[in-house]
Amino acid sequence: MSKGRLEAFSDGVIAILITIMVLEFKVPEHTGLAALGPLVPVFFSYVMSFVFLGIYWSNHHHLLQATQHVDGRVLWANLHLLFWLSLIPFVTAWMGENEFAAWPVAAYGVVMFFAAVAYFILTRALLALHGSTSVLATALGRDFKGKVSIAIYLVAIPFAFQNSRLAATLYVLVAVMWLVPDRRIEKTLAR
C-alpha cells in the first residue's frame with residue numbers, strides 16, 4: 001500500500017503535539033520582566049521537547065523517503081511511535097511546571113526511551129518489508145545513533161532521582177547527537 005496517508009497522518013499528529021505544547025504556556029498576570037521568571041523552566045522544557053519532536057519529524061520524513069511502500073505491520077509500528085510521541089506534551093508540562101523535579105524528569109526519560117524504542121521498531125518493520133539490500137537498509141546501516149540514544153535514556157532515567165539536572169542534560173545530549181546532520185539517507189537516495 002502507498003505510504004502517503006501514513007506520512008500525512010504522522011505530520012498532522014506531530015503538528016498537533018507542538019501546538020498542544022505551546023498552548024500549555026500560561027500568560028503572566030503582571031507586565032514586568034520579573035513575571036517571566038517562573039516561566040523559564042516551562043520554556044526550557046518546551047524548547048527541549050520542540051527540538052525532539054522536530055528531530056522525530058525530520059528523521060521520520062527521511063525514513064519514509066527511502067521507503068517504497070508500507071504494510072499493516074508498518075502502520076501499527078508507526079502508531080506505536082505516535083502513541084509515545086503523544087505523551088510528550090504531558091511530560092513536558094509536568095517537568096517544566098515542577099522545575100525539573102525527579103519524578104517528572106524520570107517520566108520524561110521513560111517517554112523518550114519508549115519513543116526511541118518505537119522508532120527502532122518502525123525501522124525494523126520497514127527493513128523487514130524492503131529487505132536487507134534495499135536503499136533503506138543501506139542508508140540506515142547499523143543505526144548506531146539509535147542504539148546509543150536508547151542506552152543514554154536507560155542511564156539517565158535512574159539518574160533523575162540522584163540529580164535531575166544531570167538526567168535532563170543527558171536528554172539534551174541525545175538531542176545534540178541527533179541535531180548533527182545525518183546525511184546517510186539523503187546520500188543514499190542521491191546515488
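- Every residue meeting the side chain to side chain contact (heavy atoms under 4.5 Å, CB included) condition with V91, not counting sequence neighbours, appears here in chain and number order: A107, Y108, V111.
- Partners of V40 by side chain to side chain contact (heavy atoms under 4.5 Å, CB included), not counting sequence neighbours: none found.
- Remark: A137 engages L127, S134 in a side chain to side chain contact (heavy atoms under 4.5 Å, CB included) (not counting sequence neighbours).
- Taking the six-membered ring where tryptophan is involved, the planes of F50 and Y46 are tilted, since the angle between them lies from 30° to 60°.
- The two residues A168 and F100 come nearest to each other via the heavy atoms CB-CD2, 4.0 Å.
- Listed here is the closest heavy atom pair of V42 and P38: CG2-O, 4.4 Å.
- Summarising the geometry of L136 relative to A66, their closest heavy-atom pair is CB-O, 3.7 Å, with the distance given to 0.1 Å.
- When all heavy atoms are compared, the tightest approach of A156 to A167 is O-CB, 3.4 Å.
- Annotation: side chain to side chain donor-acceptor pair (under 3.5 Å) contacts of H130 (sequence neighbours excluded): none.
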Under 3.5 Å, side-chain donor or acceptor atoms of residues 13-26 against the rest of the protein: list the pairs with distances, not counting sequence neighbours.
unit_1	atom_1	unit_2	atom_2	d
T19	OG1	A15	O	2.9
K26	NZ	E24	O	3.4

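- The side chain to side chain donor-acceptor pair (under 3.5 Å) contacts involving residues 68-79 comprise S10-N78, H60-N78, D71-R73, where partners must be two or more places apart or lie in separate chains.
- Side-chain atoms of W94 and W103, non-hydrogen and from C-beta on, do get closer than 4.5 Å to each other.
- Remark: S149 engages W178 in a side chain to side chain donor-acceptor pair (under 3.5 Å) (not counting sequence neighbours).
- The distance from the NE2 atom of H62 to the CH2 atom of W57 is 8.5 Å, given to the nearest 0.5 Å.
- Closest heavy-atom contact between Y56 and M112: OH-O, 4.1 Å.
- Counted within 6.0 Å of CZ on F159, heavy atoms from surrounding residues, nucleotides or ligands total 12 or fewer; the atom is thus considered open.
- Residues G4 and S2 share a closest heavy-atom pair of N-OG, 3.2 Å.
- To the nearest 0.5 angstrom, T31 atom OG1 is 10.0 Å from L36 atom CG.
- Pairs of residues two or more places apart, or lying in two chains, never qualify as ring pair (Phe, Tyr, Trp, His ring centres under 6.0 Å) while including a residue from residues 2-22.
- Between L122 atom CG and T67 atom OG1 the span is 8.0 Å, to the nearest 0.5 Å.
- Applying the side chain to side chain donor-acceptor pair (under 3.5 Å) rule to pairs touching residues 152-169 yields nothing, sequence neighbours excluded.
- The shortest side-chain heavy-atom distance between L140 and L63 falls under the 4.5 Å cut-off.
- In this structure, F161 places its CZ atom where more than 12 heavy-atom neighbours from other residues, nucleotides or ligands lie under 6.0 Å away.
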task: Apply side chain to side chain contact (heavy atoms under 4.5 Å, CB included) to the pair F114 and H80, showing each step before the final yes or no.
output: CA-CA 9 Å; F114 281 112; H80 179 227; 5.8 Å; no
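- The CG atom of L6 sits 9.5 Å away from the CG atom of D11 when rounded to the nearest 0.5 Å.
- Here T92 contributes atom OG1 and E97 contributes atom CD; the two are 10.5 Å apart, rounded to the nearest 0.5 Å.
- With rounding to the nearest 0.5 angstrom, the OH atom of Y119 is 10.5 Å from the CZ atom of R124.
- In this structure S45 satisfies the side chain to side chain donor-acceptor pair (under 3.5 Å) test with no other residue, sequence neighbours excluded.
- Within 6.0 Å of CD on E99 lie no more than 12 heavy atoms contributed by other residues, nucleotides or ligands.
- Listed by chain and residue number, nothing satisfies the side chain to side chain donor-acceptor pair (under 3.5 Å) test with N98 (two or more places apart in sequence, or in another chain).
- At distances below 3.5 Å, not a single donor-acceptor pair connects side-chain atoms of S58 with backbone N or O atoms of I55.
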Validation: residues 170-177 side-chain donor-acceptor distances under 3.5 Å, sequence neighbours left out:
unit_1	atom_1	unit_2	atom_2	d
Y171	OH	V105	O	2.9
Y171	OH	G109	N	3.4

